[in-house]
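Let me begin by presenting the structure, written as C-alpha coordinates, before commenting on it.
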Amino acid sequence: KNQVEQSPQSLIILEGKNCTLQCNYTVSPFSNLRWYKQDTGRGPVSLTIMTFSENTKSNGRYTATLDADTKQSSLHITASQLSDSASYICVVKRGANNLFFGTGTRLTVIP
Amino acid sequence: NAGVTQTPKFQVLKTGQSMTLQCAQDMNHEYMSWYRQDPGMGLRLIHYSVGAGITDQGEVPNGYNVSRSTTEDFPLRLLSAAPSQTSVYFCASSSGRLSGANVLTFGAGSRLTVL
(Lines give C-alpha, C1' and ligand atoms only; values in the text may rest on other atoms or scores of the structure.)
Protein backbone atom coordinates (compact mmCIF):
# COMPACT_ATOMS: atom_id res chain seq x y z
CA LYS A 1 0.00 0.00 0.00
CA ASN A 2 1.34 3.43 -0.94
CA GLN A 3 1.62 5.54 2.19
CA VAL A 4 3.42 8.59 3.50
CA GLU A 5 3.81 8.94 7.26
CA GLN A 6 5.16 11.99 9.02
CA SER A 7 6.39 12.48 12.54
CA PRO A 8 5.94 14.09 14.91
CA GLN A 9 2.35 15.23 14.39
CA SER A 10 3.14 18.46 16.18
CA LEU A 11 6.19 20.16 17.61
CA ILE A 12 6.81 23.24 19.74
CA ILE A 13 10.29 24.77 19.86
CA LEU A 14 11.88 27.98 21.09
CA GLU A 15 12.90 30.62 18.61
CA GLY A 16 16.49 30.12 17.53
CA LYS A 17 16.51 26.37 18.12
CA ASN A 18 16.89 23.69 15.45
CA CYS A 19 14.43 20.92 14.68
CA THR A 20 14.06 17.91 12.40
CA LEU A 21 10.88 16.62 10.83
CA GLN A 22 10.60 13.06 9.55
CA CYS A 23 8.88 11.48 6.55
CA ASN A 24 8.70 7.74 5.91
CA TYR A 25 7.12 6.39 2.76
CA THR A 26 6.21 3.10 1.13
CA VAL A 27 5.37 4.60 -2.27
CA SER A 28 6.68 2.61 -5.21
CA PRO A 29 7.97 3.18 -7.81
CA PHE A 30 9.50 6.32 -6.35
CA SER A 31 9.81 9.34 -8.60
CA ASN A 32 10.56 12.26 -6.28
CA LEU A 33 9.78 13.68 -2.85
CA ARG A 34 8.83 17.25 -2.17
CA TRP A 35 8.46 19.20 1.08
CA TYR A 36 5.77 21.85 1.26
CA LYS A 37 5.20 24.56 3.85
CA GLN A 38 1.61 25.48 4.63
CA ASP A 39 0.94 28.61 6.65
CA THR A 40 -2.35 28.79 8.54
CA GLY A 41 -5.17 29.72 6.18
CA ARG A 42 -2.99 29.44 3.09
CA GLY A 43 -2.21 26.85 0.45
CA PRO A 44 0.97 24.74 0.55
CA VAL A 45 4.12 26.20 -0.99
CA SER A 46 6.99 24.05 -2.23
CA LEU A 47 10.23 24.24 -0.23
CA THR A 48 12.40 21.69 -1.97
CA ILE A 49 12.34 18.59 -4.14
CA MET A 50 14.43 15.46 -3.75
CA THR A 51 15.03 13.00 -6.57
CA PHE A 52 16.33 9.45 -6.28
CA SER A 53 19.97 10.42 -6.76
CA GLU A 54 19.98 13.30 -4.27
CA ASN A 55 20.93 12.80 -0.62
CA THR A 56 20.89 16.37 0.65
CA LYS A 57 19.52 19.67 -0.58
CA SER A 58 19.43 23.03 1.15
CA ASN A 59 17.15 26.01 0.74
CA GLY A 60 18.33 28.71 3.12
CA ARG A 61 17.75 27.48 6.67
CA TYR A 62 15.93 24.40 5.40
CA THR A 63 17.90 21.23 4.63
CA ALA A 64 16.20 18.13 3.27
CA THR A 65 17.75 14.68 3.21
CA LEU A 66 16.68 11.54 1.41
CA ASP A 67 17.63 7.92 2.00
CA ALA A 68 16.03 6.04 -0.89
CA ASP A 69 17.18 2.68 0.49
CA THR A 70 15.29 3.06 3.77
CA LYS A 71 12.59 5.26 2.18
CA GLN A 72 13.05 8.05 4.66
CA SER A 73 13.37 11.79 4.33
CA SER A 74 13.94 14.52 6.86
CA LEU A 75 13.58 18.27 6.88
CA HIS A 76 15.96 20.09 9.19
CA ILE A 77 15.27 23.69 10.13
CA THR A 78 18.19 25.68 11.51
CA ALA A 79 17.94 28.70 13.81
CA SER A 80 14.15 28.70 13.77
CA GLN A 81 12.18 31.91 13.40
CA LEU A 82 8.62 32.78 14.38
CA SER A 83 7.73 32.77 10.67
CA ASP A 84 8.63 29.07 10.50
CA SER A 85 5.43 28.30 12.41
CA ALA A 86 3.41 26.31 9.88
CA SER A 87 2.51 22.80 8.80
CA TYR A 88 5.13 20.94 6.79
CA ILE A 89 3.84 18.39 4.34
CA CYS A 90 5.81 15.61 2.69
CA VAL A 91 4.58 14.60 -0.78
CA VAL A 92 5.89 11.58 -2.66
CA LYS A 93 5.36 11.12 -6.36
CA ARG A 94 4.85 7.66 -7.78
CA GLY A 95 5.61 7.09 -11.42
CA ALA A 96 4.54 9.86 -13.79
CA ASN A 97 1.52 11.45 -12.17
CA ASN A 98 0.43 10.06 -8.80
CA LEU A 99 1.04 12.12 -5.67
CA PHE A 100 0.79 10.83 -2.11
CA PHE A 101 0.47 13.37 0.68
CA GLY A 102 1.49 12.99 4.28
CA THR A 103 -0.72 14.41 7.03
CA GLY A 104 1.89 16.99 7.93
CA THR A 105 3.80 18.13 11.00
CA ARG A 106 2.48 21.21 12.76
CA LEU A 107 5.44 23.30 13.93
CA THR A 108 5.02 26.12 16.43
CA VAL A 109 7.95 28.41 17.18
CA ILE A 110 7.59 30.39 20.38
CA PRO A 111 9.59 33.44 21.46
CA ASN B 1 0.95 38.00 -10.77
CA ALA B 2 -2.12 36.53 -9.06
CA GLY B 3 -1.19 32.83 -9.45
CA VAL B 4 -4.15 30.63 -8.44
CA THR B 5 -7.25 32.45 -7.22
CA GLN B 6 -10.07 30.70 -5.38
CA THR B 7 -13.47 32.08 -4.47
CA PRO B 8 -15.21 32.17 -2.10
CA LYS B 9 -12.85 31.88 0.87
CA PHE B 10 -15.66 30.83 3.19
CA GLN B 11 -19.08 29.34 2.54
CA VAL B 12 -21.81 27.83 4.70
CA LEU B 13 -24.40 25.62 3.04
CA LYS B 14 -27.40 23.65 4.16
CA THR B 15 -27.63 19.96 3.34
CA GLY B 16 -28.95 19.47 -0.18
CA GLN B 17 -27.92 22.87 -1.50
CA SER B 18 -25.66 23.16 -4.51
CA MET B 19 -22.81 25.56 -5.13
CA THR B 20 -19.72 26.14 -7.23
CA LEU B 21 -16.21 26.82 -6.00
CA GLN B 22 -14.33 28.94 -8.48
CA CYS B 23 -10.67 28.52 -9.43
CA ALA B 24 -8.72 30.64 -11.89
CA GLN B 25 -5.03 30.70 -12.76
CA ASP B 26 -3.13 33.22 -14.85
CA MET B 27 0.04 31.19 -15.47
CA ASN B 28 -1.19 29.36 -18.59
CA HIS B 29 -0.87 26.06 -16.76
CA GLU B 30 -2.14 22.95 -18.51
CA TYR B 31 -2.76 20.93 -15.37
CA MET B 32 -5.37 21.93 -12.79
CA SER B 33 -6.74 19.97 -9.88
CA TRP B 34 -8.96 20.09 -6.83
CA TYR B 35 -8.05 18.69 -3.42
CA ARG B 36 -9.81 18.51 -0.12
CA GLN B 37 -7.99 18.75 3.20
CA ASP B 38 -9.51 17.23 6.31
CA PRO B 39 -8.08 17.08 9.85
CA GLY B 40 -5.71 14.16 10.35
CA MET B 41 -5.66 13.29 6.66
CA GLY B 42 -3.40 14.19 3.79
CA LEU B 43 -4.67 16.19 0.85
CA ARG B 44 -6.92 14.03 -1.30
CA LEU B 45 -7.43 14.52 -5.03
CA ILE B 46 -11.03 15.07 -6.13
CA HIS B 47 -10.80 15.80 -9.86
CA TYR B 48 -8.12 16.97 -12.22
CA SER B 49 -7.69 18.28 -15.75
CA VAL B 50 -4.73 18.07 -18.12
CA GLY B 51 -6.10 20.69 -20.50
CA ALA B 52 -9.21 22.47 -21.73
CA GLY B 53 -11.99 20.00 -22.43
CA ILE B 54 -10.28 17.15 -20.54
CA THR B 55 -11.17 16.13 -16.98
CA ASP B 56 -10.74 12.98 -14.94
CA GLN B 57 -11.58 11.64 -11.50
CA GLY B 58 -9.22 11.53 -8.58
CA GLU B 59 -9.37 9.60 -5.35
CA VAL B 60 -12.62 11.04 -3.94
CA PRO B 61 -14.82 12.28 -6.83
CA ASN B 62 -18.28 11.32 -5.57
CA GLY B 63 -20.60 14.28 -5.06
CA TYR B 64 -18.48 16.64 -7.14
CA ASN B 65 -18.53 17.76 -10.74
CA VAL B 66 -15.95 19.68 -12.79
CA SER B 67 -15.57 21.12 -16.24
CA ARG B 68 -12.69 22.83 -18.07
CA SER B 69 -13.94 25.06 -20.85
CA THR B 70 -10.88 27.35 -20.78
CA THR B 71 -7.24 26.97 -19.79
CA GLU B 72 -7.67 29.51 -17.00
CA ASP B 73 -10.76 28.26 -15.15
CA PHE B 74 -11.57 25.02 -13.36
CA PRO B 75 -14.76 25.27 -11.25
CA LEU B 76 -15.79 22.59 -8.76
CA ARG B 77 -19.50 21.96 -8.37
CA LEU B 78 -21.18 20.39 -5.37
CA LEU B 79 -24.40 18.92 -6.67
CA SER B 80 -26.22 18.27 -3.38
CA ALA B 81 -24.11 19.22 -0.38
CA ALA B 82 -23.73 16.77 2.50
CA PRO B 83 -22.15 17.29 5.95
CA SER B 84 -19.35 14.90 4.89
CA GLN B 85 -18.28 17.52 2.36
CA THR B 86 -17.39 19.96 5.12
CA SER B 87 -13.72 20.56 4.40
CA VAL B 88 -11.12 22.97 3.11
CA TYR B 89 -10.81 22.81 -0.66
CA PHE B 90 -7.66 23.67 -2.57
CA CYS B 91 -7.24 24.28 -6.25
CA ALA B 92 -3.75 23.63 -7.63
CA SER B 93 -2.15 23.99 -11.04
CA SER B 94 1.06 22.95 -12.75
CA SER B 95 2.76 23.75 -16.02
CA GLY B 96 2.94 20.09 -17.01
CA ARG B 97 1.17 16.85 -16.29
CA LEU B 98 3.18 16.59 -13.06
CA SER B 99 5.94 15.00 -15.11
CA GLY B 100 9.50 15.53 -14.01
CA ALA B 101 9.91 18.09 -11.29
CA ASN B 102 6.87 20.21 -12.15
CA VAL B 103 5.55 21.76 -8.96
CA LEU B 104 1.96 22.36 -7.91
CA THR B 105 0.96 25.95 -7.24
CA PHE B 106 -1.90 26.06 -4.74
CA GLY B 107 -4.63 28.59 -4.17
CA ALA B 108 -5.35 29.96 -0.70
CA GLY B 109 -8.21 27.53 -0.10
CA SER B 110 -11.99 27.66 0.31
CA ARG B 111 -13.44 26.62 3.67
CA LEU B 112 -16.84 24.99 3.24
CA THR B 113 -19.21 24.08 6.06
CA VAL B 114 -22.32 22.02 5.36
CA LEU B 115 -24.95 22.08 8.10
Side-chain angles (χ1 to χ4, degrees), chain A residues 1-10 21-27 29-54 57 59 62 64 66 73 86-106, chain B residues 1-10 21 23-25 27 29-51 54 56-60 87-112:
Chain A
K1 185 177 179 181
N2 294 291
Q3 285 186 313
V4 177
E5 296 184 352
Q6 294 186 242
S7 61
Q9 282 190 337
S10 61
L21 315 179
Q22 298 289 344
C23 174
N24 296 339
Y25 62 91
T26 58
V27 176
F30 175 86
S31 180
N32 61 49
L33 182 150
R34 196 182 289 273
W35 285 93
Y36 284 84
K37 178 186 180 187
Q38 184 177 18
D39 292 314
T40 300
R42 307 295 296 272
V45 175
S46 177
L47 287 174
T48 187
I49 181 172
M50 305 294 290
T51 57
F52 188 85
S53 59
E54 295 174 311
K57 184 179 286 186
N59 178 6
Y62 299 100
L66 175 67
S73 177
S87 288
Y88 292 83
I89 301 172
C90 175
V91 183
V92 180
K93 187 167 132 181
R94 183 188 73 178
N97 290 308
N98 296 116
L99 298 179
F100 295 85
F101 289 79
T103 56
T105 292
R106 177 71 199 172
Chain B
N1 191 350
V4 178
T5 303
Q6 291 183 233
T7 56
K9 287 190 178 297
F10 302 95
L21 299 177
C23 175
Q25 52 90 10
M27 298 171 285
H29 282 175
E30 298 174 35
Y31 181 93
M32 296 186 74
S33 54
W34 277 101
Y35 289 87
R36 60 179 289 173
Q37 187 175 42
D38 300 296
M41 302 185 74
L43 284 153
R44 291 182 293 170
L45 182 64
I46 303 171
H47 283 286
Y48 66 97
S49 168
V50 297
I54 306 169
D56 208 345
Q57 296 181 349
E59 179 186 358
V60 288
S87 187
V88 181
Y89 292 85
F90 288 97
C91 180
S93 71
S94 175
S95 60
R97 292 192 180 194
L98 298 185
S99 60
N102 288 331
V103 64
L104 283 173
T105 300
F106 285 87
S110 298
R111 181 175 293 275
L112 175 66

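Remember, predicted model here, so these are calculated numbers, not experimental data. Numbers restart at 1 for each chain; the letters A, B, ... are given by sequence-line order, proteins then strands.
- Proximity to chain B (any heavy atom under 4.5 Å) is restricted, for A/Q38, to the side chain, taken from C-beta onward.
- Here A/P44 is the residue among A/C90, A/G104, A/G41, A/P44 with the most heavy-atom pairs under 4.5 Å with chain B.
- Defined by atom type and a distance below 3.5 Å, a donor-acceptor pair is present between the side-chain atoms of A/T40 and A/R106.
- The two atoms that bring B/Q6 and B/A108 nearest to each other are OE1-N, 3.8 Å, heavy atoms only.
- Not one N or O on the side chain of A/K37 forms a donor-acceptor pair closer than 3.5 Å with the backbone of A/S87.
- Counting heavy-atom pairs under 4.5 Å between each of B/R111, B/M41, B/R44 and chain A puts B/M41 at the top.
- The part of A/Y36 that comes within reach of chain B is its side chain, from C-beta onward, which places non-hydrogen atoms under 4.5 angstrom from that chain.
- When heavy atoms are compared at a cutoff of 4.5 Å, B/E59 does not approach chain A at all.
- Counting heavy-atom pairs closer than 4.5 Å to chain A, the top-ranked of the candidates B/G42, B/C91, B/G58 is B/G42.
- B/S49 places a side-chain N or O within donor-acceptor distance of the main-chain N or O of B/I54, the cut-off being under 3.5 Å.
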* Asked: Can you list the steps and then say if A/L66 with A/F30 is a side chain to side chain contact (heavy atoms under 4.5 Å, CB included)?
  -> CA-CA 12 Å; A/L66 175 67; A/F30 175 86; 3.9 Å; yes
